[in-house]
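Hydrogens, waters and symmetry mates play no part in the numbers below; they use all other heavy atoms, side chains included.
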There are 2 protein chains.
Amino acid sequence: MSRPAGPLSAMSAGGGAGAGDGPRYPAIMRILVEEIGAGRYALGERLPTEHDLCQRFGASRHTVREALRHLKDMGLIARRQGSGSVIIAHYPEQRFVNSITSLDELVQYAETTWLDVLAVDKIVVDETLGTWLRATPGEPWLRLSALRRVAGVRDPFAYTEVFMPIAFEALVGEIGAEVSALYAMLERRFGVRVAKIHQSIEAVTADANVASRLDIVSGAPLLRIKRCYVAEDGTLIELAVNHHPADRFRYEMTLDRKPVGGALVNDIRDWPGPNEASATADRRGSPVHHATETNDDRDGHTPCAD
Amino acid sequence: MSRPAGPLSAMSAGGGAGAGDGPRYPAIMRILVEEIGAGRYALGERLPTEHDLCQRFGASRHTVREALRHLKDMGLIARRQGSGSVIIAHYPEQRFVNSITSLDELVQYAETTWLDVLAVDKIVVDETLGTWLRATPGEPWLRLSALRRVAGVRDPFAYTEVFMPIAFEALVGEIGAEVSALYAMLERRFGVRVAKIHQSIEAVTADANVASRLDIVSGAPLLRIKRCYVAEDGTLIELAVNHHPADRFRYEMTLDRKPVGGALVNDIRDWPGPNEASATADRRGSPVHHATETNDDRDGHTPCAD
DNA sequence: GAGTGGTCTAGACCACCTT
DNA sequence: AGGTGGTCTAGACCACTCC
């Protein structure tokens, strides 16, 4: 059945169906994207219905839906049964994304590192800890303390304390034997699920305890990384506090700019390619310093960022 | 036309078509997901063809394709014309994603902060800087130095140096008047495009220069955040080095767990909800300390992460 | 050339939202 | 109740891949 020469018959694209123009939904898609980008529809306004678009483009509903699916994937419209397609953005949103597949990528410890567990004990939450854990002072919690070492280096490069609800007491014995991440073990054994990790990075100075653990002087600069593992319901599953001597660790991350949503991501699935990973490597390289100096005296102030 | 009672007729799901079972593709999808998860197909192996699946499930090709589309979105299979559907993963890949829409979210400076530009001058790259910039020592670069302040606080909370290729010299005059991010200005004015931001965070001690800028003592702990803005071709567009006194700034980020690809992302598009932002707030709260102590003496070492 | 997925049409019932 | 998107069927041509 030769495709009736609709309003789009002059279009062309790739492979095709009935007659000989190539796929039509990309053309429809492009037109709609352009119209949206040109501001033809206000944010919150509704796109014409599928039916209307079918008529306008002389295409079947299925074809129009394919085009609309892409608009949705690009984040331009939201669709809902009964309500139509609403404009939610004029341009495909771009984001810088730091995407992490395994916790190891977040934690950034090479596989040549390991944890020396010093102790697992029951503690009582004090006021400070209460703030961190969103727990009531006096409440009992579990604390694991450990040193993280890397092969071939005498000194540990991190002193870590992990706090867990007392409910996890049962698995204390297993921690030493655990190969995967702690949070994964908690998920597996208790059926909880980490939905979110909140990470906080700051520079602090070593107190006496941490200093002795890491064999550095008290007051030495540390990179302290706190990680809160939060369940879907907001419960804190685990709090890990890592203390890294300044010269033994550096935190790195790479943010890739990409459109949000399925558009590009799905293209990756079109056929297997190297699955781009992101977060970067590991232990600190050699420390670097650079001299800074200023001559000029221009002055101004701007709210601008980097 | 009542749907012929195929092998799936006992299934049920949601809303539906011909007869009365509800949508069928979710059921088909679930079955395939389970089979893949159970290891029925090896990685790299091919899934049965659409035709075969149609027969097996007694569904139309369109319906089977809908199911397969989701498998693809979940990252379980890759499809290609002529070659079939290949298993590329046994489980839906989960990632923790830190997604940042604007640079401000990355930089984490509230809108109540601003930059006091101290100087913009031409410098000559020394050896250390050469490493950072991937430039040859001796090469001329542009350097901007500035203090970042927040309303109501006397002391700046960051001393920043930004390095740019000498080619951007023309816009030196505009920097003071710039409201948006510097990198955005470079993009706009020079037609370059930031494709990637590499960020490195470490604890360092203040050298004399930085200390005097920030009015802190030499040797005080700093959080140093370096950001490399890299173009698609790998060119370094800008390097920003931020020095934050330890007690005046903290870097925070939230990673949300989500399946990679369209699956969940698309669900967000199903209907507008609050578009979950991620990266979190700003200036440092009150400094916190906590006592650490250990009693027990269990010992073990594991490669495991938090 | 046979097989596979990509795209298309035409018509249909249904669930959901708006009116 | 009418409109809208969600899902389904049945049949078709095409481009691409692999043998």
Side-chain angles (χ1 to χ4, degrees), chain A residues 1-6 8-9 11-29 45-55 57-72 77-86 266-267 269-272, chain B residues 1-6 8-9 11-29 45-55 57-72 77-86 266-267 269-272:
Chain A
M1 158 190 322
S2 74
R3 178 191 299 165
L8 263 150
S9 53
M11 292 271 156
S12 74
D21 272 332
R24 308 178 63 188
Y25 78 83
I28 296 175
M29 190 183 97
E45 194 178 338
R46 276 161 66 246
L47 211 58
T49 67
E50 293 182 352
H51 177 71
D52 290 349
L53 292 172
C54 288
Q55 292 215 307
F57 293 115
S60 78
R61 195 173 158 217
H62 183 81
T63 301
V64 165
R65 280 176 63 77
E66 187 66 32
L68 292 177
R69 186 201 321 283
H70 284 265
L71 293 200
K72 174 177 136 184
I77 62 172
R79 317 188 67 206
R80 194 170 46 168
Q81 211 174 150
S83 307
S85 304
V86 169
N266 286 349
D267 288 349
R269 304 297 169 207
D270 276 350
W271 200 247
Chain B
M1 160 191 320
S2 74
R3 180 192 296 166
L8 263 150
S9 51
M11 290 274 154
S12 74
D21 273 334
R24 308 179 63 189
Y25 79 83
I28 295 175
M29 190 183 96
E45 195 179 336
R46 277 162 63 247
L47 211 57
T49 67
E50 292 182 353
H51 178 71
D52 291 348
L53 293 173
C54 289
Q55 293 216 307
F57 294 114
S60 78
R61 197 177 157 213
H62 184 79
T63 302
V64 166
R65 279 175 64 77
E66 187 65 33
L68 292 177
R69 184 200 323 280
H70 284 265
L71 293 200
K72 175 178 138 184
I77 62 172
R79 317 188 68 207
R80 194 171 44 168
Q81 211 172 153
S83 305
S85 304
V86 169
N266 287 349
D267 288 348
R269 304 297 168 206
D270 276 350
W271 199 245

**Message:** Main chain of B:Leu68, side chain of B:Arg79: is a donor-acceptor contact present, judged purely on distance under 3.5 Å?
**Reply:** no
**Prompt:** Between A:Arg69 (CZ) and C:dT7 (P), how many Å, whole number?
**Reply:** 10 Å
**Request:** Using atom CD of B:Gln55 as one end and atom P of C:dT4 as the other, report the distance to the nearest whole Å.
**Result:** 11 Å
**Prompt:** Counting only side-chain N and O atoms of B:Ser83, is one of them less than 4.0 Å from OP1 or OP2 of D:dT17?
**Reply:** no
**Between CZ on residue A:Arg69 and CD1 on residue A:Ile77, distance to nearest 0.5 Å** = 11.0 Å
**Asked** Does D:dC16 have OP1 or OP2 sitting under 4.0 Å from an N or O in the side chain of B:Arg80?
**Response** no
**Message:** Which nucleotide wins on minimum distance to the side chain of B:Gln81, given the candidates D:dT4, D:dA15, D:dG6?
**Reply:** D:dA15
**Request:** Measure from CD on B:Glu50 to P on D:dA10 and round the result to the nearest Å.
**Result:** 16 Å
**Message:** What verdict does the side-chain contact (heavy atoms from CB on, under 4.5 Å) test give for A:Thr63 and A:Ile28, after you've listed the backbone C-alpha separation in whole Å, the side-chain angles of each residue and the deciding distance to 0.1 Å?
**Reply:** CA-CA 9 Å; A:Thr63 301; A:Ile28 296 175; 4.1 Å; yes
**Asked** Taking only N and O in the side chain of A:Ser85, is any of them less than 4.0 Å away from OP1 or OP2 of D:dT4?
**Response** no
**Shortest side-chain distance from A:Arg61, nucleotide among C:dT7, D:dT9, C:dA12** = C:dA12
**Prompt:** What is the distance from CG of B:Leu47 to P of C:dG5, rounded to the nearest Å?
**Reply:** 9 Å
**Item:** Between P of C:dT7 and NE2 of A:His70, the distance in whole Å
**Value:** 7 Å
**Item:** Residues B:Glu66, B:His70; criterion side-chain contact (heavy atoms from CB on, under 4.5 Å); working and verdict
**Value:** CA-CA 7 Å; B:Glu66 187 65 33; B:His70 284 265; 3.5 Å; yes
**Message:** So, does A:Arg65 get its side chain near the phosphate of D:dG6, meaning an N or O under 4.0 Å from OP1 or OP2?
**Reply:** yes
**Asked** Is a side-chain donor or acceptor of A:Arg61 paired with a backbone partner of A:Leu53 at a separation under 3.5 angstrom?
**Response** no
**Request:** Could you state the atom-to-atom distance from CD of A:Glu66 to P of D:dT7 in whole Å?
**Result:** 14 Å
**Prompt:** For B:Arg79 and C:dG6, is the shortest distance between a side-chain N/O and OP1 or OP2 below 4.0 Å?
**Reply:** yes
**Message:** Assuming nearest nucleotide by heavy-atom distance, tell me which of A:Thr63 and B:Arg46 is located more 5' along DNA chain C.
**Reply:** B:Arg46
**Prompt:** What is the distance, rounded to the nearest whole Å, between atom NE2 of A:His62 and atom C1' of C:dC13?
**Reply:** 18 Å
